[in-house]
Amino acid sequence: MGDHNNLVQPQCVVCGELLANESLKPSKLKRHLDTKHPNLKEKPIEYFESLKPNFHKNQKIIKKYSSVSQSALKASFLVSYRIARCLKPYTVGEELILPSAIEMCTEMINEKVANQLKNIPLSDTTVARRISLISNDLKLQLLSRLTGKFSLQLDESTDIANEAILLTYVRYFYNNKIHEDILFSSKLETSTTGKNIFDTLVNFFTNNNVDLKNCISITTDGAAAMTGKHVGLVKLVKDIVPSLKWTHCIIHREALASKKMPKTLTDVLAQIVKIVNYIKSNALNSRLFKTLCLEMGSFHESLLLHTEVRWLLRGKCLQRVYELRHEIILFLNSKSSIYKDLFEDLKWIITLAYLADIFNLLNELNLSMQGNFFNIFDHTKKIESFKKKLRIIKARVSSGNIDNFTNVSEFLEEDSSIKFEDISELVNEHLTNLEQLFNQYFPEDIRVNYEWIEQPFAVDIMTVNMSTDIENQLIELSCDNKLKQMFCETSLEIFWAHLCTGNYAELATKAISILLIFPSTYLCEKAFSTMANLKTSKRNRLETEDDLRIALSQIEPRWNLLCENTQGQILIVLLQSIKQFTIFYKASVGREKLTDMVVMLLETPFRRLHSDNKNDLLKVGKPIPILSALAPDKTLSKVFCRSFNPNLYQQHSWLCGSHYIQKLFCWSCLLLGKMKSVWNTVGYYDLKNLSRGIQIHQTSKEHIHNHLGLKNLEKNYFSILDVVNEHDKSELVERFLGFHNVSEDRTAQGLFNLVNSFLHEFDIENKLVGQCYDGACVMSGHLTGLQARVKEVAPNALFTHCLAHRLNLVLQHGCSINAKCRIFFANLTGIAAYFHNSTSRTNFVDTIVGKRIPQFVQTKWFSRSKILHTIVNEWSGFINVFDCISKDPKSSSESICGAIGHFKNLKTFEFAFLALVFNDIFIYTDNLFNILQNKSFDVEFCLRKINITYDLINKKRNEPEFLKLFNQAVTLTKPPKATRNESNINQILKYCFMK
C-alpha cells in the first residue's frame, strides 16, 4: 500500500503507480496487469511477493533523499542565477563552481557533507534551463505590474554577431514606488526601419496582453528610424496613443551640441588622433612608449584611443595626451616622426590644453547625468546650470580670467613665452558656438510648465494651468505644514508616491506621470555594454534575452514557486557490480523507474564522473539492450512499433541503446561529444530510416572525431596509465610555468636567458629531455635559435617542431599550390566575409539555410575547413540564398553584385569539384588537428596518426576516386561544356586533384 497525501492507497510493486481503491476489484487488477505488464502475465504469485521487500526498500531510499533533492534543486537555481548575474558561461557551474565547493567542504567540514553537493545538477544544459525559467518568472512578475501608466526607453544597436538588437526599458509605478526595469530585448530580423521597430514593439505588447495605450512617453535618440515624421517609431506609436510624449535623449543632445568646433580646433583634434594611432596601432611602438613612460616615472603608461561613439573618451584622450606630452615629444623625436614638429609649436600645445579643459567640463556634465532613477527635472537643472556656466566662463575669458581652464593655467606658468591672448579669440569663438548649440538643442526649460511638481509649496497657483479640482488639491497641499516638512526630507518620487492614496490622489497621479518620463537612454546604453561583455566572440550564437533580464532586472525571483513548478528528481548512482549501473529515478507524480547507464550519462555527463567511475564505465562498455518497441512519435497520425535487430550492435561498434527510453544512442558521442545531436541527447527512434540515419551519423566529422577519441582514450587508459601506476607509482603531468614579458628582448639570446633563469634551479643540464616550439627562426634556428642554445646547456633536450603548426603549414601550402587553388580559397573566404559584413545578408542565411557560415580568421587552423564543410553540406541552400538576395528589391547594389558573383561561383563546375576535393581532405586533417592538440597523447602516437592520415589521403589519389568526386560535382552543378578542349579540362582538374 502506498501513502499519498496522508491517504493509504494501493500501489503496484512493478511500476509503482498509485491506484484508486476501486482498483482492488479482481477485474480491474487483471486489466492493469494485462495492459501495463503483459510480459508478466504468466508469472506466479510468488514472483510478485518477492518484489515487495525490494520495492519498500527502494521507497525508503527515495524518501531518505527527497529532502536532499529539494535542497539541491533550489541550490541549482541559486547558482544558475548567480552565473547569469555575473555574465559567465553556463559550463562554469560544473567545471568550476561545483568542484570548488566540493573541495572547500571536504577541507573545511567533512567528506560526507561534500558528497551531498554532488547531487546538485549543474550541467550546462541544466543551467540553461534554470536561467530560462528564472527569466520567465521575472518577466511574468514585471508584466503583472504593468497595469497602470508607464513610460518606455528604446535603443537599437548591432552585436558582435552582426545582429540588430532592440532594447527596451520600462518605468512604472508599483506599490507606491517608481520602478524601472528591462522590458525586453529582441532581434530585428531584417532592416532597422521605424516600421520594423514598431512592429516588434507592438507584437510584444500584444503577445503579453499589455495595453500600449497606457504608455505616456517614449525616450529615444535622434535617429531617423525613431523620429521620422512619416514612418518613424514615435509617429507610428502616436497614431495609436495620440497623447504620447516623446523625449529626445538629453545625453545624446549634449554630445551633439559639443561635437561641432571651429576648424582650428577640429584640425588639432584630428592631429592628436593621428599621433595616438601612430603610437597605439603599432605593437612595437606601444611597448617602447610604455618603457619610456616607466623610465620617466610618469603617472600613466599608455595613451587612450579616441572613439567617436564613446561619450567620455574624447575628453579622456585629450587629457592623457596633454599629461604625457613630454614623453610623446621624446618618443616622436627618437622615431623622427613627421608629428614631432607639432609639439614644438607652443600655440598648438596651449590649444591642446584648452581642448582638454573644455572637454573635461563637458565630461563632468555628461557623467552627472548618467545613472538610474533620474527624472526629467534632474537633467534639465544640470543643462540649464551648464548654459549659465558657459555665459559666465565666456565673460571671464573676455576679461582675461582663465581660472576655469586648469591645464591652460598650468602651461602658462611653465612657459611664459606664450600668452593666453594668442588663443583668446579662438576660445571666444568656440564658447560662443557652444552656447548657441546648447540653446539650439535645449531651446526651452521643461520646468516652466511643471514648476508645481518641484515646488508645490512655493509655486504661484495663478500660473498653474490645470483643472479646477486639481488646482484645489494643490492649494490645500501648499498649506499642509506636515507634508511640507516631509517634502524637505524626501525625494520628489517618494513624496508624490506617498500622496497617491490620500486626499491628493488626483494631483499626485498627474505628478507621477511626469516623473515617469525617462530623461535619457542611459539604461539602454548600459545594457548594450552588458550585452557586449555577455555575447563575446566565443559565445556569438548566444540568445541573450534571458541572461540580460537576469543580469539587469531588479526584481527578485520567486524561488519557492520555481522549485514547486520544476520537476524534482533524485539520482542515486549505485555501482552494484562491474557489469551494471542502476539509477533510481523519482518523477514528480511519485513513481519510481529503474533505468540504465544512458539515463545516467544524460543527467551526469561523462566528464563530471569521478575517475574511478570513468574507469569502471569504460570497462563495462556500451549497453546493448533488446529494444522491444520505439517511443511513440506523437507528431504522427499513428504510432509505428517496429522490431529491432540486435545484430546491429555488433555491426556498428559505436551503437548502443537505452532499455528505459527505448531509443538508440551513439556511445562515442554520448561519452565525448561536445556538439549536441539526436544521437547523444534524445535518442534515435525512426527504425524505418535507421540504415540511412546510421550512415549519415557515422560519416559525420563530429562522430569520427569522438569515435577516434574514445578508441584512443580506452587504449591509453588501460595500457599506459596502468603500467605507470603499477610499476612507477607516478604519473605524467603537465604544468603551467607562467607568462613572461619579452617585449624588451625577443632575440634568441634574450629568450634563452629568460628560460635559463627560471629553469636553472631544476638541473636542466641533466633533466631536460625535450623542447617544443613553433617554426619561427628565433625559436627553431639550428645554429643560433633558442633550441640550439638550450641544447648547448642540455644536450639531451630533443627539439620538436610543433606538429600542429607543421600541419597548418602543409595545408596552407596545399591551398596555394597553383593559381586555381588560390582563386578557389579566395572565393571561399570571400563568401564568409560577404555574410559577416551585413546583418541583412546574415538574416537570409538564418531564414533559408538555418545555419550560419563561420567567420574566416587567418590564424585559426580550422577556419577554412569549417567554412568549406558548411557550404558543401548546405550547397543548394546557399544557392537559394544568393538567388533571393539578388532578386530582393530591398537589397543594396553592393549586396546584389556580390550575390550574383558568388552565385556564379557555386554554379561553376570547377569550384564545386575543388570544394568536394578539399572537403574530403579536411575531414581527415581536422581529426588529425584534434589529436595533435590533445595533451594526453605522446609524440610517438601523434607521429603514427600523422602517417595514418598521410596514407588515407594518399589512397584517394587514384582514377576511381577522381571519377567519384567528378560525378558528385556534376550532380551539384553541370558537367563542363562539351567543347574541343574538354579532355584538357579533365586533365587540368585531374592534375589539381593528384597534387
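Here, residue 1 is the first one in the sequence, and each next residue gets the next number. These values consider heavy atoms only, across backbone and side chains, with no hydrogens, waters or symmetry-generated copies. Just so it is clear, the structure is predicted and the values come from calculations on it, not from any experiment.
Here Val231 pairs with nothing under the side-chain contact (heavy atoms from CB on, under 4.5 Å) rule; sequence neighbours left out. For Ser191, the side-chain hydrogen bond (donor to acceptor under 3.5 Å, both in side chains) criterion is met by Asn196, not counting sequence neighbours. Residues satisfying the side-chain contact (heavy atoms from CB on, under 4.5 Å) criterion with Val678, sequence neighbours excluded, are Val682, Tyr684. Listed by chain and number, the residues in a side-chain hydrogen bond (donor to acceptor under 3.5 Å, both in side chains) with Thr125 are Ser123 (sequence neighbours excluded). For Ala257, the side-chain contact (heavy atoms from CB on, under 4.5 Å) criterion is met by Leu437, Phe438, Tyr441, not counting sequence neighbours. Shown here are the side-chain hydrogen bond (donor to acceptor under 3.5 Å, both in side chains) partners of Glu556, two or more places apart in sequence or in another chain: Trp559. Applying the salt bridge (Lys or Arg N to Asp or Glu O under 4.0 Å) test to Glu384 and every residue at least two apart in sequence or in another chain returns Lys387. Qualifying salt bridge (Lys or Arg N to Asp or Glu O under 4.0 Å) partners for Lys887, counting only residues two or more places apart in sequence or in other chains: Asp883. Applying the side-chain contact (heavy atoms from CB on, under 4.5 Å) criterion to Asn837, with sequence neighbours excluded, gives Ala833, Arg841. In terms of the salt bridge (Lys or Arg N to Asp or Glu O under 4.0 Å) criterion, Glu506 has no residue partners (sequence neighbours excluded).
Salt-bridge check for Glu454 with Lys381: passed, with a basic side-chain N closer than 4.0 Å to an acidic carboxylate O. Note on Glu163 versus Arg852: salt bridge recorded, some NZ/NE/NH1/NH2 to OD/OE distance being below 4.0 Å.
Not a single donor-acceptor pair under 3.5 Å links the side chain of Trp452 to the backbone N or O of Val464. No side-chain donor-acceptor contact under 3.5 Å links Ser185 to the backbone of Leu167. Formation of a donor-acceptor pair under 3.5 Å by the Ser886 side chain with backbone atoms of Phe882 is found in this model.
Inter-residue side-chain proximity for Arg253 and Ile383 is flagged as unmet; no heavy-atom pair is nearer than 4.5 Å. Side-chain atoms of Ser520 and Thr219, non-hydrogen and from C-beta on, never get closer than 4.5 Å to each other.
Side chains of Glu254 and Asn366: a donor-acceptor N/O pair is present below 3.5 angstrom, by distance only. Glu493 and Asn375 share a side-chain donor-acceptor pair at under 3.5 Å. Looking only at atom types and distance, the side chain of Gln141 has a donor-acceptor partner in the side chain of Asp137 under 3.5 Å away. Using modelled atom types, one finds no donor on one side chain facing an acceptor on the other under 3.5 Å when comparing Ser135 with Ser132.
Checked against Asn208 for a side-chain contact (heavy atoms from CB on, under 4.5 Å), the options Leu142, Leu146, Leu143 give a single hit: Leu143.
Between Phe495 and Phe487, the ring planes lie perpendicular to each other; the angle is over 60°, past the 30° to 60° tilted range.
The neighbour count for Met675 CE, taken as heavy atoms of other residues, nucleotides or ligands under 6.0 Å away, does not exceed 12.
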Could you tabulate the donor-acceptor pairs under 3.5 Å formed by side-chain atoms of residues 239-247, not counting sequence neighbours?
unit_1 : atom_1 : unit_2 : atom_2 : d
Asp239 : OD1    : Lys235 : NZ     : 3.1
Asp239 : OD2    : Lys235 : NZ     : 3.3
Trp246 : NE1    : Thr220 : OG1    : 2.9

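Sequence neighbours left out, the pairs with a member in residues 142-156 that pass side-chain hydrogen bond (donor to acceptor under 3.5 Å, both in side chains) are Arg145-Tyr172.
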